[in-house]
Each structure stands twice: as C-alpha cells, then as structure tokens.
There are 2 protein chains.
Amino acid sequence: MRQITIYDIAKEANVSVATVSRVLNGTAPVRKSTRAKVEALIQSYNFQPNGMARSLLKNETGIIGLIVPDLTNPFYPEVFAGAEHAAHQLGYTFLLSNSIGDYAKESDYLHLMREKRVDGILFMGGRVNLKQCEPHLAQELEQVASVIPTVLVNGAIRNSNLVSVLTDEGAGTALAVQHLIELGHRDIAFLGGESHMSTAAIKLRAYRKVLKDAGLKLLPEWQLMDSFSIDSGKRQMKHLLSLTERPTAVVCVNDYNAIGAIKAAVEAGLSVPEDISVVGFDDIPLAHHFIPELTTVSQQANDLGRTAVGVLKQMMEGQKVKKQHMLEPHLIVRQSTRTLVQHDV
Amino acid sequence: MRQITIYDIAKEANVSVATVSRVLNGTAPVRKSTRAKVEALIQSYNFQPNGMARSLLKNETGIIGLIVPDLTNPFYPEVFAGAEHAAHQLGYTFLLSNSIGDYAKESDYLHLMREKRVDGILFMGGRVNLKQCEPHLAQELEQVASVIPTVLVNGAIRNSNLVSVLTDEGAGTALAVQHLIELGHRDIAFLGGESHMSTAAIKLRAYRKVLKDAGLKLLPEWQLMDSFSIDSGKRQMKHLLSLTERPTAVVCVNDYNAIGAIKAAVEAGLSVPEDISVVGFDDIPLAHHFIPELTTVSQQANDLGRTAVGVLKQMMEGQKVKKQHMLEPHLIVRQSTRTLVQHDV
DNA sequence: CTCTTTTATGAAACCCATTTCATTAATTTA
DNA sequence: TAAATTAATGAAATGGGTTTCATAAAAGAG
C-alpha cells in the first residue's frame with residue numbers, strides 16, 4: 001500500500017505537480033477554483049507530502065540530534081524538557097539517544113546522526129582527555145562537528161574547539177563547600193562520579209581548591225570517585241563511615257549521589273543533617289521532596305536546555321557564536337545541611 | 001559548503017555512481033582494485049552517504065516515533081531505556097517528543113511524525129473517551145495508525161482498534177489493595193491522577209472493585225483524582241488528613257503520588273508506615289531509595305518498552321499481531337506499608 | 001577453440017517534492 | 001488600442017542515492 005503522492009493528486013485534479021505544490025505551500029498564486037479542487041482532493045485522500053523528499057531537496061530535516069548520557073537520571077529529562085520546549089517553538093524535533101557512557105554507542109549514534117543529516121547536534125556530557133582515551137570517539141565528534149553545527153552541553157573536552165553551553169560547575173561546588181564551612185564544618189568529604197567525566201573532575205578540583213584556601217584538611221580517603229548513581233552514593237558513604245576518621249559533611253557530585261549517601265547514613269543509624277550534612281548538585285525535582293529535603297546546587301536544567309538550543313539555532317543560521325556560554329548555578333539551602341554541633345564524648 | 005556526494009566520489013574515481021554504491025553496500029562484486037580506489041576516496045573525503053536520499057528511495061527511515069506524556073516522571077525514562085535498547089539492536093533510533101498531556105502538541109507531533117515518514121510509532125498514555133473529548137486528536141491518531149504501524153503503550157482509547165502493549169494495571173492495583181487488606185487495613189483511600197487518563201480510571205475501578213468485594217468502606221471523599229505529580233500526592237494527602245474520618249492506608253496511582261503523600265504525612269507529624277501505610281505504582285528507581293522505601297507495584301518499565309518495540313517490529317514487517325499484549329505486574333513489599341495497629345485512645 | 005556462465009561495470013529509471021523558466025491568459029497602464 | 005504587468009500554469013531540472021537492465025570482459029565447461 002503505497003502512500004499517496006503529489007503526482008496522484010495532480011493527475012486526479014488535471015493540473016501539474018507544480019500547482020499542487022503551490023497550493024500546499026502557498027508559494028505562488030493559484031486560481032481559486034483550482035485551489036479548491038486540489039484542496040478537496042488533499043482532504044479526501046488525507047494526503048500528506050513526503051517529508052523525506054522535501055528534506056532531500058531543501059537539505060534540512062528539521063531534526064536536532066540529542067545525545068544524553070543517562071535519561072534515567074532525572075537531571076537530563078529536565079534539560080530535555082527545556083530544550084524541547086525551545087526547539088518545538090522553532091519547529092524542530094529531537095532524535096534522541098541514550099549513551100549510558102558507552103563510547104561505542106555514542107560513536108555509533110554520532111555516525112547515525114550524520115547519516116540522517118540532522119540539522120544540529122546537542123552532545124551532553126564531556127570527557128577529560130577524550131583524545132587520549134578514546135581517539136575514535138574524539139575523531140568522530142570532531143568530524144561531525146565540522147559538518148553539522150554541534151554544541152557540547154555541560155561538558156568539556158580537552159583541546160577541542162567545540163562550542164559549549166555549561167554551568168559553572170566549579171563555582172557551584174565552591175558554593176556548596178563554602179556553605180558547609182560557614183556552618184562550622186571542618187571535615188568535609190567529596191563523593192564523585194566517574195573520574196574521566198569532566199563534571200566529576202571539575203567539581204573535585206573546585207572542592208580541593210576551596211578546602212585548601214580555607215586551610216582545611218584534605219584527606220585522600222575523603223575524595224572518592226565512583227559513578228553518578230544512587231548506589232554509588234550509598235557505597236561511597238558506607239566507605240566513609242567505615243573510616244576511623246569520619247567527615248562531618250559531604251559534598252556530592254550530584255543529587256543521586258547525595259540521596260544514596262543519605263540512605264547509607266540512615267541505614268547506619270545516623271540522621272541527616274543531625275549527624276552528618278550532605279549537599280547535592282543539580283536540584284532534580286525530587287530534591288525538595290526527599291526526606292530530608294536536599295540542600296543542593298541548582299544549575300537550572302531547563303535553562304541549560306533552552307540556552308543550548310538557542311545557541312545551536314544561531315549556529316544553524318550561520319551566525320558566529322561565542323565558544324563558551326556559561327550559566328551561573330546557585331545554592332539552595334534546605335534540610336540536609338546544618339550547623340555543626342560538637343559531639344563531645 | 002555542500003557535502004560530498006556519491007557523484008563526487010564516482011567522478012574522482014572514474015567509475016559510475018552505481019559502482020560506488022556497490023562498494024558502499026556490498027550488493028554486487030566489485031573488482032578489488034576498483035574497490036580499493038573508491039574506498040580510499042571515501043576515507044579521504046570522509047564521505048557519508050545521504051540518509052535522506054536513501055530513505056526516500058527505500059521508503060524507510062530507520063526511525064521510530066515515540067510520544068511520551070512526561071519524561072520528567074522517572075517511569076518513562078525507564079520505559080524509554082528498555083525500548084531504546086531493543087530498538088538500537090534492530091537499527092532504529094527514536095524521534096522523541098514530550099506531550100505533557102497537551103492535546104495540541106500531541107496532535108502536532110503525530111502530524112510531524114507522519115510527515116517525517118517514521119517507520120513506526122509508539123504512543124504512550126491513553127485517554128478515556130478520547131473520541132468525545134478530543135475528536136481532533138482521536139482522528140489524527142487513527143489516520144496515522146492506518147498508514148504507519150502504531151502501538152499504544154500502557155493506555156487504552158475507547159473504541160479504537162489500535163494494537164496495545166500494556167501492564168494489567170487493574171490487576172496491579174488489586175494486588176496493592178489486597179496487600180493492605182491482608183495487613184489488616186479497613187480504611188483505604190485512593191489517590192489518583194487526571195481522571196480522563198485511562199491509567200487513572202482503570203486503577204480507580206480496580207480499587208473500588210476489591211474494596212466492594214471485601215465489603216469495606218467506599219467513601220467518595222477517599223477517592224481523589226488530581227494529577228500524576230508529586231505535588232498532587234501531597235495535596236491529596238493533606239486533604240485526606242483534614243477529614244474527620246481518616247483512612248489508615250492509601251493506594252496511589254503512581255510512585256510520584258506516593259512520595260508526595262508520604263511527604264505530606266511526614267510534614268503533618270505522622271510517620272509512614274507507623275501511622276499510615278502508603279503504596280505506590282511503577283517501582284521507579286527511586287522507590288527503593290526513598291525513605292521509607294516504597295512498597296509498590298512493579299510494572300517492569302524496561303520490559304514494557306522492550307515488548308512494545310518487539311510488537312512494533314513485527315507490525316513493521318507486516319506480520320499480524322495480537323491486538324493486546326498484557327504484561328503482569330507484581331507487588332514489591334518494602335517499608336512504606338505495615339500491619340495495622342489499633343490506636344485505642 | 002567455441003559456448004556458456006560469471007564477473008564487473010555503466011546508463012538510466014526511480015523515489016517525491018520544490019523551484020526555475022517559459023508560456024499563455026488576463027489585467028492594468030499609457 | 002497597443003504596451004506593459006501580473007496572474008496562472010506546466011515542463012523539466014534538481015537533490016542524492018539504489019537498482020534494474022544491458023553490455024563487455026573474463027573464466028569455466030565441453
């Protein structure tokens with residue numbers, strides 16, 4: 001069952017395909033009676049022009065490729081929502097893929113998006129030293145970016161010239177650590193994610209700098225790097241609690257880690273924030289519904305998505321854009337942190 | 001800067017485009033020396049065939065359209081993950097859109113997917129009485145489904161002939177209510193979502209039936225319908241707690257509602273499950289990390305997505321498929337429910 | 001050493017819409 | 001009324017591949 005084409009309509013209406021096209025797009029005047037005849041046929045056959053043919057000719061698809069690391073982490077759907085809202089208004093749709101940190105899959109999808117001739121690409125989540133570790137992906141990414149407008153969202157890739165839109169994660173982490181220091185904490189640990197991800201690396205660096213500047217203890221065993229999941233947070237916190245020298249507060253690479261950390265603390269019989277303060281990052285929707293409500297750093301995921309699409313749009317229009325677009329995060333103090341109370345035994 | 005085409009390669013290699021195509025696809029033997037020459041050019045120009053042209057000719061895009069109500073609710077990303085995994089193996093990618101229950105947007109996207117000639121459509125979230133309430137969307141959906149293989153995921157639409165893959169949500173709710181009854185609860189409330197959504201309607205009906213069969217109280221003021229968000233759960237629970245006759249247990253339309261309900265209870269100074277039992281639905285990843293861990297009904301979101309893609313694949317291959325594919329949910333008992341203790345004052 | 005296959009290749013048709021160019025018909029202007 | 005616009009339409013080129021058909025060259029069979 002072949003679909004109806006513009007030729008079928010033209011034939012039946014005794015006009016040329018050019019005329020049907022003109023009715024369809026209103027690109028040139030068509031006699032009223034002709035238009036009516038054609039429109040009636042379009043209606044009755046429920047004809048819809050073939051987008052592929054149009055795309056081929058116009059050399060644009062109206063599709064933006066989006067590669068996210070893990071849609072299962074509520075932060076990304078939030079970014080997606082922001083991006084989608086903006087894209088929808090501009091008439092774009094998303095070809096979406098979940099990479100789950102799988103290099104091969106990422107490379108695969110990048111390839112595929114090029115083949116599908118998407119109009120632009122949003123690549124979320126950067127890597128440190130990508131070139132050394134994954135030359136294939138790095139190469140693919142650069143090749144694609146040289147042909148299709150591409151923006152890197154919330155990630156950096158060393159030595160690359162990609163345009164990026166990102167939260168100042170370093171500043172955000174500093175906000176979190178400073179908050180804890182102001183609450184009187186001196187023993188602050190860091191729970192991180194995969195160490196090769198730029199997010200994790202940037203946050204760890206910021207954590208170290210603030211502690212160092214404040215002249216506080218910087219123990220290696222308090223600087224953990226695992227992954228971005230809830231379970232990772234749990235594991236890391238368990239580990240911290242097993243140490244003879246325990247921190248009184250913890251900064252986490254994201255809210256999922258923070259939730260896991262709190263869970264582990266509670267399971268170990270501690271209370272948050274009474275016994276230990278925990279601060280997250282991202283401000284996922286759940287952060288202010290969790291018990292206790294999470295003190296966290298908001299990076300306004302929605303804005304991030306919206307901005308990324310905005311920048312991409314400019315690039316697609318051929319405009320020059322700044323290489324970096326930085327968004328400022330801010331601290332949201334809720335219930336998971338509090339003033340340090342001395343536990344004199 | 002036009003992209004390299006197969007003609008450019010052919011010209012430079014002094015062969016016809018047919019030969020280049022054969023090298024590209026391995027569809028016919030090509031002399032070794034010719035192949036080498038062509039492959040070298042493909043490499044050096046970093047040529048990638050235009051997918052639009054291929055799609056136009058083959059009349060297939062390798063794209064599946066996916067319409068989800070709200071990616072921000074962790075249940076959907078889970079379904080997506082399952083679907084994507086299956087689709088990726090079959091060589092398909094997703095054109096994704098978030099409808100947020102917006103009829104116009106849904107209709108829009110449906111239209112768009114038809115125009116883009118996606119190979120199949122997964123439509124998530126059904127409506128009751130769609131035909132009466134939203135004739136336009138209903139019509140669009142049926143028209144599209146008559147041209148493009150379409151499966152409805154976890155939703156029913158009255159009087160429609162769409163193929164659907166769904167969890168037996170009625171049975172799942174029954175499981176939840178029965179569990180509470182077995183724990184000794186007699187006063188059980190229901191927190192629902194938007195009443196025109198089939199999910200909500202089906203669950204409410206099941207709740208009523210079980211209570212009725214067990215001869216238990218069925219108060220209208222204990223049957224709430226709001227929305228699927230956390231805040232909705234909160235609002236509804238607050239309302240319940242304001243009643244003179246309070247339930248001792250609550251079944252929720254989803255985990256988000258359950259989390260909100262628990263939050264409201266805790267804010268009102270109650271404990272869950274000591275003072276009131278709460279059971280959710282979906283088993284989102286967070287369910288077993290929330291404090292208290294959620295007793296809930298798992299509908300194996302991953303399987304749902306995987307199955308949906310499987311069925312769609314069969315349809316795309318022209319096979320006949322059953323009209324309904326039902327998956328069995330199961331109860332997961334965790335910490336948010338417990339035996340009713342009599343509070344004799 | 002012919003005859004039949006098989007291999008290797010190119011020309012051209014095809015997929016379906018858009019758009020330019022040309023042509024004729026209808027108006028408007030001078 | 002002739003000249004100049006403007007309206008209305010069609011033929012054909014275009015976009016970038018895949019595939020059929022035809023043909024020439026090479027290989028195998030008898």
Side-chain angles (χ1 to χ4, degrees), chain A residues 1-39 41-42 45-63 111-112 114-119 147-148, chain B residues 1-39 41-42 45-63 111-112 114-119 147-148:
Chain A
M1 42 136 146
R2 214 180 93 277
Q3 291 212 28
I4 299 286
T5 73
I6 201 173
Y7 287 90
D8 301 319
I9 302 289
K11 196 174 190 182
E12 187 123 356
N14 276 316
V15 297
S16 74
V17 291
T19 301
V20 179
S21 175
R22 288 191 265 260
V23 170
L24 241 25
N25 304 296
T27 43
V30 174
R31 194 187 301 161
K32 217 170 172 184
S33 61
T34 312
R35 149 168 295 119
K37 193 168 49 176
V38 172
E39 273 171 349
L41 283 166
I42 290 177
Y45 280 115
N46 186 23
F47 164 74
Q48 176 152 32
N50 186 325
M52 290 183 283
R54 177 182 277 153
S55 292
L56 177 59
L57 193 63
K58 297 278 202 94
N59 199 30
E60 56 183 49
T61 52
I63 298 179
H111 201 74
L112 192 120
R114 183 141 98 91
E115 187 205 301
K116 297 260 183 285
R117 298 294 197 263
V118 297
D119 295 336
V147 187
I148 301 176
Chain B
M1 41 134 149
R2 212 180 96 277
Q3 291 212 27
I4 298 288
T5 74
I6 200 173
Y7 286 90
D8 301 320
I9 303 288
K11 197 173 189 182
E12 186 123 355
N14 275 315
V15 296
S16 74
V17 291
T19 300
V20 179
S21 176
R22 287 191 267 259
V23 170
L24 240 27
N25 304 296
T27 43
V30 174
R31 194 187 304 162
K32 217 169 172 187
S33 62
T34 313
R35 151 167 294 120
K37 193 169 49 176
V38 171
E39 274 171 349
L41 284 167
I42 290 176
Y45 281 114
N46 186 23
F47 165 72
Q48 177 151 33
N50 187 326
M52 289 184 283
R54 177 182 278 153
S55 292
L56 177 59
L57 190 63
K58 297 277 202 92
N59 200 30
E60 56 182 49
T61 52
I63 298 179
H111 202 74
L112 192 119
R114 182 141 100 91
E115 187 206 301
K116 296 260 185 284
R117 296 295 196 265
V118 297
D119 295 335
V147 187
I148 301 176

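Residue numbering restarts at 1 for every chain, and letters A, B, ... go by the order of the sequence lines. Just so it is clear, the structure is predicted and the values come from calculations on it, not from any experiment.
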- About how many Å separate CD1 of A/Ile42 and CZ of A/Arg35, when rounded to the nearest 0.5 Å? 10.0 Å
- Note on the structure: To the nearest angstrom, the NZ-P distance between A/Lys116 and D/dG16 comes to 17 Å
- Query: What's the CD-P distance between B/Glu115 and C/dC16, to the nearest Å?
  - Reply: 15 Å
- Message: Side-chain N or O of B/Ser21 versus OP1/OP2 of D/dT18: is the shortest distance under 4.0 Å?
- Response: yes
- Task: Test side chain to side chain donor-acceptor pair (under 3.5 Å) on A/Arg114 and B/Asn50 and set out the steps.
- Result: CA-CA 8 Å; A/Arg114 183 141 98 91; B/Asn50 187 326; over 6 Å; no
- Message: Nearest 0.5 Å, please: how far is CE in B/Met52 from NZ in A/Lys116?
- Response: 11.0 Å
- Item | Atom of A/Thr61, atom of A/Ser55 and distance for their closest heavy-atom approach | CA-OG, 3.7 Å
- Query: For DNA chain C, whose closest nucleotide is more 5', that of B/Ser33 or that of A/Phe47?
  - Reply: B/Ser33
- Task: Quick one: label B/Asn14 by what it contacts on the DNA or RNA (base, sugar-phosphate, nothing), any heavy atom closer than 4.0 Å.
- Result: sugar-phosphate
- Among the nucleotides D/dT9, C/dA17, D/dA8, whichever has the atom closest to the side chain of A/Pro29 is D/dA8
- Would you indicate which nucleotide in D/dT19, C/dT18, D/dT18 comes nearest to any side-chain atom of B/Asn25? D/dT18
- Quickly work out the A/Glu60 CD to D/dG15 P distance and round it to whole Å. 15 Å
- Tell me whether the OP1 or OP2 atom of C/dT9 has a side-chain N or O from B/Thr34 closer than 4.0 Å. yes
- Return the value, rounded to whole Å, for the distance between atom CD1 of A/Ile42 and atom C1' of C/dA17. 13 Å
- Of all the nucleotides listed (D/dT9, D/dG17, D/dA12), which has the minimum atom distance to the side chain of A/Val17? D/dA12
- Query: Is the distance from OP1 or OP2 of C/dC16 to the nearest side-chain N or O of A/Thr5 less than 4.0 Å?
  - Reply: no
- Which part of the nucleic acid, if any, lies within contact of A/Val20, taking any heavy atom under 4.0 Å across all strands shown: a base, the sugar-phosphate backbone alone, or nothing? nothing
- Residues touching DNA chain C, which here means a heavy atom under 4.0 Å, drawn from residues 50-59 of chain A: A/Asn50, A/Ala53, A/Arg54, A/Leu57, A/Lys58
- Roughly how far apart are B/Lys37 NZ and B/Arg31 CZ, rounded to 0.5 Å? 8.5 Å
- Rounded to the nearest 0.5 Å, how far does CG of A/Leu112 lie from CD1 of B/Ile63? 8.0 Å
- Reported CG-to-OG1 distance for the pair B/Asn14 and B/Thr19, which is rounded to 0.5 angstrom: 11.0 Å
- Item | Taking every non-hydrogen atom, the tightest pair across B/Ile6 and B/Val17 | CD1-O, 3.7 Å
- Under 4.0 Å protein heavy-atom contact, by nucleotide of nucleotides 20-26 of chain C - B base, S sugar-phosphate only: B------
- Task: Take the protein atom NZ of B/Lys11 and the nucleotide atom P of C/dT9, then report the distance between them rounded to whole Å.
- Result: 21 Å
- Spacing of B/Thr5 atom OG1 and B/Tyr45 atom OH [to the nearest 0.5 Å]: 11.0 Å
